[in-house]
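Just so you know, these numbers come straight off a predicted model, no measurement behind them. Chain A is the first sequence line, chain B the second, and so forth, proteins listed ahead of strands; every chain is numbered from 1.
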Amino acid sequence: MQPVKDLTTSHRLRQRQAKATFFKYFCIAVTASAVMILGILLYQIISDGYRWVDWQFMTSYPSRFPEKAGILSAFVGTLWLVSLTALLAIPTGVLAAIYLEEYAPKNRWTQFIEVNIANLAGVPSIVFGILGLALFVRFMGLNRSVIAGAMTMSLLILPVIIIAAKEAIRAIPNSLRQAAFALGATRWQVVSAHVLPAAMPGILTGIILALSRAIGETAPLIMIGALTYVAFLPESPMDEFTALPIQIFNWTARPQETFHELAAGGIIVLLGVLLVMNALAVYIRYRGSKS
Amino acid sequence: MNEAMPILNAVDLSIAYGSDDAVKKVSLPILEKKITAIIGPSGCGKSTLLRSLNRMNDFIDGVSHRGQILYRGSDLYAEEVDPVEARLRIGMVFQKANPFPKSIFRNVAWGPSINHLPGDPRARVETALKQAALWDEVSDRLDDSALNLSGGQQQRLCIARALAMEPEIILMDEPCSALDPVSTARIEDLLFELKKKFTIVIVTHNMQQAARVSDYTAFLENGVLIEYGETDQVFTRPREPRTEEYVTGRFG
Amino acid sequence: MSALSRKSVRWGESILERAFFLCAFLSVITTAVVIFILIRETLIFFESVSVTEFLFGTRWTPLLEPKSYGILPLVAGTALIVIGVAVLALPIGVACAVFLSEYASARTRSIIKPTLEVLAGIPTVVYGFFALTFVTPLIRTFIPDTQVFNAASAAIVVGIMVLPMVASLCDDALRAVPQALRHGAYSLGATSFEVTTRVVVPAGLSGIFAAFVLAVSRAIGETMAVTLAAGATPNLTLNPLESIQTMTAYIVQVSLGDTPAGSLTYQTLFAVATLLFAATLILNIFGTWIMKRFREVYE
C-alpha cells in the first residue's frame, strides 16, 4: 500500500461508500413504509366506520336494515365469551406453568409436555375450531353454546398463557426461593407467597395478551357454529351466541357498501377494546418494572 | 519531511466514555517499523487508546475524545477523513480470535477482495499465511472452516487476515492473552519478522512479552502515560518511581 | 408441629402437585384428542375416496355434482398465498430487521419494535376487511382485469400480518451474531453495507431461514383474511389475480353451510384439516429445530 497522507474517501472507495449510504437509507425507508402501512390501515378503517359508532350502534341488534343495525348482541357475546374463557384458561394456564417451572423434574416427560405446548402454540386456530366442533359441540352435546366457544378458546390460548407465565416465573431469581425454603416453607407456600406475587406483572401481561388474541379470533367460533344473525343476548352459558369478530365477518362478507361501513364500525369497537386491554398490559408492565 | 516523524502520534489525547476519562492527556509517538508496547494494569485505558488509533472506537456508544491523533501529521479524526480509508492502512488483531465463519482461504482473502486489491488472491493469501507462520499447517486444507482451527491457529489466522491487507501499521490488543504458552511463543517469534515490514503497536499485560519483543514501551496507569521510552531503558533504568514499582513487581 | 400435621401438609402438597400436573398434562391430552379426531374422520373419508385421488386429483368439487375430491386446487390456493407472503414479508422483514439491529439507536428500536407488534396484534378478520375494501380496489385500479376475489389481495394482507414476526425473529438472529465478527470485518476496511451483507447476514442466515419457515407455517394456517378476500373457488392456478380457495377457506365454507354429520362432505373437512395440521406441524417443528441449532452456535 502506497503511503498516502490524504485519508478522504478515495475514488476507489467512493462507490462503495455510496452503496453503504444508499443501503442504510433503503432499510430505513422500508421500515418506515411498514410502519406507515399500519397508519394507512387504521386510517382506512376509522374513516370508513366512524360515522356509525354511536350509542344506537352499541345498543341495537343486527338487522337487515343498516340504519337500525348494531352490535349489542355481538358485544355482549364477546363479553360472555371472554369472561368464560378467562375463567377456564387463566387458572389452568398459570397452574400448568407453575408445575412446569417449580415442580416438574427435568426429565423426558417434562420435555415432552413442553414440546407439546410449543407445538400447540403454532397450530392454526381453525384446527382448534375443529377440535371444539367434534369434542364440545358434537361429542359432549353442548351445541352452539357460549360455553362450547369458551372451552374451545381456552384450549387455543392456553399455550400462550403457559409460555408467558413460564417466562415470568423463570425470571424470578432463585435466591428468593432459597430464602423462603430456608425458613421452612413448603413448596406451595414458597410459590404462592413469594414467587407468584413477584411474577404477577409478567403473568398478567401474558394473560391480557392471550385474551386479546381470544377476542379477535373468528375461525374457531365459526367452526363451532356461532351464529351470524343473533337478535338476543345469551343468558346462560348454554345459550347460543355471536361475537364481535363474527359480526364483523358477516357484515364484511355482504356485498353492500353500507354493510362494509357497519363492519368498519364494528372493527373500531373491537380495536377499541383491544387498545384498552393492551394499554392495561403496558401499564401493568410499567408498574411491575418499577417495584 | 522529518525522518523521525512518528507515523502515528497521540497529542494530548483524552478519551472519555460519557463523562469519565479513560485516557487522560496522553502524548505518545509511534515510530515507523518499530514495535511499540503499551503496558499497564488492567483497566488502565490501554485498549481504549489502541482502538482510537484506527477509529474502532467509532463503534462504541458514548465515546468522545479531546486532543489529536495524527497519522503522518494529519488529524485522523478530521471531518473529511473516511474511517474506512484509515483502517485500510491501520489494521487490527483482537484480544480474542474472531475469524469469520467461512473457510480459511475466504477469511484471509475477504479483506483484499472487497477492497479490490490488485494481484492474484491465492498468492496474496499464501504470502499472508506464510508471514503469520500458519501456511505449513493449513496449506492443504484452505477450504476447511476456520472455526475448526485451534485457538492459537485462529489467532494466527486473524493476524494473516490483517496482513493480507498490507497495512502500514498493525495494532494488536493483547493478542496472546487467550492463548497457551506455546502459541504465545510462536506469535512472539512472528513479531520479530513482521517488524521488518510493518509498524506494530501491541497492548499487553505480559511484561516479559513487552520486554522481549518491543523496541519502545509506554507505561499507562489509570489512563495517564507514566513513562515512555526505549524498552531497554524503561525496564532496566525507569525514570519514574511508579514505572519501577510496576516493572519490578512483576519480575520474579 | 406434631408429626400428624406435618404428614397432612405433605399430603396436601402432593394433591396440589398432582392437580398442577394435570393442568400441564392437558396440553398432551389436547394434542392427542386433536390427532385422534382428525385421523379417525380422515380414515373414514379414505374409505370412500382413494388417497391418490385426494392428494393428486386436480378437481375439488365436494359440494357440486359431479363430485370430485382432488385437493390440489386448494393446495395451489394456499401455495399462492404462501408465495405472496414469502415474496413480500421475507425481504421487507429482513430489511426491517437489518435496520433494527444494525442501524437503529436504542431509542428508535424501542419505538419501532412495539409499533410493528401492533400490526401483529390486529385480528385477522380486520385484515380480511382491509384486503377486501382497500387492497383489492387498489389492485384493480392498476390491473382492471383483477377479479373481485383474488389471491394477491389476500397474500399482501397476510404478508403484512406476518411481517412483525419475521422482522422480530430476524432481528433476534442478527443480534445473536457477535460484535467481535463485525469489528473484525470493519478493521479490514469494510463499509457498513459490506459488513452487514457479507458477514452479519450470512452468519445469521439459519436464524433468518427459521423465521421464514415459521412465517410460511403461519401463512398456511391463516383463515379469515383469505376467506374474505381470496374467494371460494377452488382453482388450480398460479395467477394471483384470480379467485381461488385455500384449504382453510374451504373448511370455513363447509362450516358455514348445513352439513350433516357423517356425510362425505363433512368428512372432507377433516381430511383437509389433517393435511393442514400435518403441514403446519412439520414446518413448526422444522423451524424451531433450525432456530435451536442456530442459537447453539452462538451461545
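- Once rounded to the nearest 0.5 Å, the distance linking CG of A/Leu131 with CD1 of C/Ile37 reads 5.0 Å.
- Sparse packing is recorded around OH of A/Tyr43, with 12 or fewer heavy atoms of other residues, nucleotides or ligands lying under 6.0 Å away.
- Interatomic distance, CG of A/Leu95 versus CZ of C/Phe21, reported as 14.0 Å (0.5 Å rounding).
- Using a 4.5 Å cut-off between heavy atoms, C/Leu116 touches chain A through its side chain atoms alone.
- Across all non-hydrogen atoms, the minimal contact from A/Ile130 to C/Ala273 is CD1-CB, 3.1 Å.
- Within a 6.0 Å sphere centred on CZ of A/Arg14, heavy atoms belonging to other residues, nucleotides or ligands number more than 12.
- Taken to the nearest 0.5 Å, the NZ atom of A/Lys19 stands 8.0 Å off from the OG1 atom of C/Thr197.
- Residue A/Ser212: no heavy atom, backbone or side chain, is found under 4.5 Å from chain C.
- In terms of heavy-atom proximity, A/Thr31 sits nearest to C/Cys96 at OG1-CA, 3.5 Å.
- Residues A/Ala20 and C/Phe193 approach most closely at CA-CB, 3.5 Å, considering heavy atoms.
- Interface remark: C/Thr280 contributes side-chain atoms only to the contact with chain A (heavy atom separation under 4.5 Å).
- Looking only at side-chain heavy atoms (C-beta outward), C/Pro123 and A/Leu270 come within less than 4.5 Å of each other.
- Considering CD1 of A/Ile113 and SG of C/Cys23, their distance stands at 11.0 Å, rounded to 0.5 Å.
- Contacts with chain C were tallied for A/Val30, A/Leu41, A/Leu100, A/Asn278; A/Leu41 has the most, counting heavy-atom pairs under 4.5 Å.
- The candidate with the highest count of non-hydrogen atom pairs below 4.5 Å against chain A, out of C/Leu163, C/Val126, C/Thr248, is C/Val126.
- Considering all non-hydrogen atoms of both residues, C/Ser255 and A/Met223 come closest at OG-SD, 3.0 Å.
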### Query
Taking it one step at a time, do C/Thr31 and A/Asn119 satisfy side-chain contact (heavy atoms from CB on, under 4.5 Å)?
CA-CA 9 Å; C/Thr31 312; A/Asn119 281 332; over 6 Å; no
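- For A/Ile28, the parts sitting under 4.5 Å from any heavy atom of chain C are the backbone and the side chain alike.
- Ring orientation note: the planes of A/Trp188 and C/Phe20 are tilted relative to one another, at an angle of 30° to 60°.
- Contacts of C/Glu102 with chain A are absent, with no heavy-atom separation under 4.5 Å from either backbone or side chain.
- If you measure heavy-atom distances from C/Thr191 to chain A, the contacts under 4.5 Å come from both the backbone and the side chain.
- With values rounded to the nearest 0.5 angstrom, C/Leu16 atom CG is found 12.5 Å from A/Arg187 atom CZ.
- Residue C/Thr288: no heavy atom, backbone or side chain, is found under 4.5 Å from chain A.
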### Query
Between C/Val34 and A/Val123, is a side-chain contact (heavy atoms from CB on, under 4.5 Å) present by the stated rule, with each step listed?
CA-CA 10 Å; C/Val34 166; A/Val123 168; 5.9 Å; no
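- Per-residue heavy-atom pair counts under 4.5 Å with chain A were compared for C/Tyr266, C/Phe277, C/Phe270, C/Phe36, and the maximum is reached by C/Tyr266.
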### Task
Walk me through it: do A/Tyr103 and C/Glu13 pass the test side-chain contact (heavy atoms from CB on, under 4.5 Å)?
CA-CA 11 Å; A/Tyr103 288 86; C/Glu13 282 282 314; 4.0 Å; yes
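- Of the listed residues (A/Glu217, A/Gln44, A/Gln17), the greatest number of heavy-atom pairs within a distance under 4.5 Å of chain C belongs to A/Gln44.
- Considering CD1 of C/Ile251 and CG of A/Leu133, their distance stands at 11.0 Å, rounded to 0.5 Å.
- Residue A/Ala118 does not touch chain C at all, counting heavy-atom pairs closer than 4.5 Å.
- Counting heavy-atom pairs under 4.5 Å between each of A/Leu158, A/Val94, A/Ile40 and chain C puts A/Ile40 at the top.
- Of the atoms belonging to A/Arg138, it is side-chain heavy atoms, and not backbone ones, that fall under 4.5 Å from chain C.
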### Query
Between C/Tyr103 and A/Phe23, is a side-chain contact (heavy atoms from CB on, under 4.5 Å) present by the stated rule, with each step listed?
CA-CA 11 Å; C/Tyr103 295 110; A/Phe23 181 69; 3.3 Å; yes
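- Looking at C/Thr227, the atoms closer than 4.5 Å to chain A (heavy atoms on both sides) all sit in the side chain, from C-beta outward.
- Using a 4.5 Å cut-off between heavy atoms, A/Leu38 contacts chain C through both its backbone and its side chain.
- Looking only at side-chain heavy atoms (C-beta outward), A/Ile222 and C/Met224 come within less than 4.5 Å of each other.
- Annotation: maximal heavy-atom pairing with chain C below 4.5 Å, among A/Leu13, A/Thr110, A/Ile248, A/Ile126, occurs at A/Ile126.
- Looking at C/Leu38, the atoms closer than 4.5 Å to chain A (heavy atoms on both sides) all sit in the side chain, from C-beta outward.
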